[in-house]
Amino acid sequence: QVQLVESGGGLVQAGGSLRLSCAASGRIFSTDTMGWFRQAPGKEREFVATIVWPGGGTYYADSVKGRFTISRDNAKNTVSLQMNSLKPEDTAVYYCATRRGGGLYYSISSYNSWGQGTQVTVSS
């Protein structure tokens with residue numbers, strides 16, 4: 001079992017920045033993929049970004065490419081999401097997730113463990 005706890009959400013004005021963090025504990029492997037998803041009110045959960053290991057390859061949704069940066073610290077079992085140039089449409093609950101094994105990196109069903117989420121609200 002892997003436990004994930006997100007932090008760093010909040011209210012920010014459009015154009016501002018936030019940094020989300022996710023701490024993993026339990027049976028986490030350094031080779032587990034770690035990613036972020038988000039869910040806006042009335043919408044389905046969607047892929048935001050992920051980072052694979054080894055290698056550190058990163059993948060982003062087109063909607064956040066160039067504005068968000070995912071990073072990982074395997075020594076601390078944490079993954080972060082730096083969000084810049086935030087827009088009102090980025091408002092959502094952001095979830096951290098881990099994936100072990102195969103499956104598409106952007107598919108919700110590929111991820112095995114999920115955090116409780118942290119709210120990000122961007123005002124216009």
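From a predicted model like this one, the values you see are computed outputs, not experimental measurements.
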Can any side-chain N or O of [X] pair as donor or acceptor with the backbone N or O of [Y] at less than 3.5 Å?
{"X": "Ser110", "Y": "Leu104", "value": "yes"}
{"X": "Asn74", "Y": "Asn77", "value": "no"}
{"X": "Thr91", "Y": "Thr121", "value": "no"}

Check: residues 37-51 side-chain donor-acceptor pairs under 3.5 Å, at least two apart:
from: Arg38; atom 1: NE; to: Glu46; atom 2: OE2; distance (Å): 2.7
from: Arg38; atom 1: NH1; to: Asp90; atom 2: OD1; distance (Å): 2.9
from: Arg38; atom 1: NH1; to: Tyr94; atom 2: OH; distance (Å): 2.9
from: Arg38; atom 1: NH2; to: Glu46; atom 2: OE2; distance (Å): 3.2
from: Arg38; atom 1: NH2; to: Ser63; atom 2: OG; distance (Å): 3.4
from: Gln39; atom 1: OE1; to: Arg45; atom 2: NE; distance (Å): 3.4
from: Gln39; atom 1: NE2; to: Lys43; atom 2: O; distance (Å): 3.1
from: Thr50; atom 1: OG1; to: Met34; atom 2: O; distance (Å): 3.1
from: Thr50; atom 1: OG1; to: Tyr111; atom 2: OH; distance (Å): 3.0

Over 12 foreign heavy atoms within 6.0 Å of OH, Tyr60 = yes

Does CD belonging to Gln116 count more than 12 external heavy atoms closer than 6.0 Å?
-> no

What salt bridge (charged side-chain N to carboxylate O under 4.0 Å, His left out) pairs are there with at least one residue in residues 113-124, not counting sequence neighbours?
->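 The answer is none; no pair qualifies.
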
Selection residues 98-113 - residue pairs positive for salt bridge (charged side-chain N to carboxylate O under 4.0 Å, His left out), sequence neighbours left out | Asp32-Arg100

Give the table of side-chain donor-acceptor pairs shorter than 3.5 Å for residues 10-21, with sequence neighbours excluded, one pair per line with atom names and distance.
from: Ser17; atom 1: OG; to: Asn84; atom 2: OD1; distance (Å): 2.9
from: Arg19; atom 1: NH1; to: Gln82; atom 2: OE1; distance (Å): 3.2

Nearest heavy-atom neighbours spanning [X] and [Y]:
{"X": "Ala24", "Y": "Leu4", "answer": "CB-CD2, 3.5 Å"}
{"X": "Pro54", "Y": "Thr31", "answer": "CD-CG2, 4.1 Å"}
{"X": "Tyr95", "Y": "Gly115", "answer": "CD2-O, 3.6 Å"}

When hydrophobic residues are tied together by side-chain contacts of less than 4.5 Å, even through go-betweens, does Met83 share a cluster with Val93?
->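 Unlinked, Met83 and Val93 end up in two clusters.
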
Shared hydrophobic cluster, Val52 / Ile108 (ILVMFWY, side-chain heavy atoms < 4.5 Å) =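 Same cluster: Val52 reaches Ile108 through Ile, Leu, Val, Met, Phe, Trp or Tyr contacts under 4.5 Å.
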
Contact check, side chains of Ile70 and Phe68, non-hydrogen atoms, under 4.5 Å =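 Ile70 vs Phe68: side chains apart.
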
Measure the CD-OG1 distance between Gln3 and Thr98 for me, rounded to the nearest 0.5 Å.
-> 10.0 Å

Separation between CD1 of Ile28 and OG of Ser113, rounded to the nearest 0.5 Å = 7.5 Å

Got a sec, which pairs hit disulfide bond (SG atoms under 2.5 Å apart) with one end in residues 16-114, sequence neighbours left out?
->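 Found Cys22-Cys96.
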
Can you list the residues that meet the ring pair (Phe, Tyr, Trp, His ring centres under 6.0 Å) rule with Tyr59, with sequence neighbours excluded?
-> Tyr105

Val2 vs Phe29, side chain to side chain contact (heavy atoms under 4.5 Å, CB included): CA-CA, chis, key distance, verdict | CA-CA 9 Å; Val2 175; Phe29 293 170; over 6 Å; no

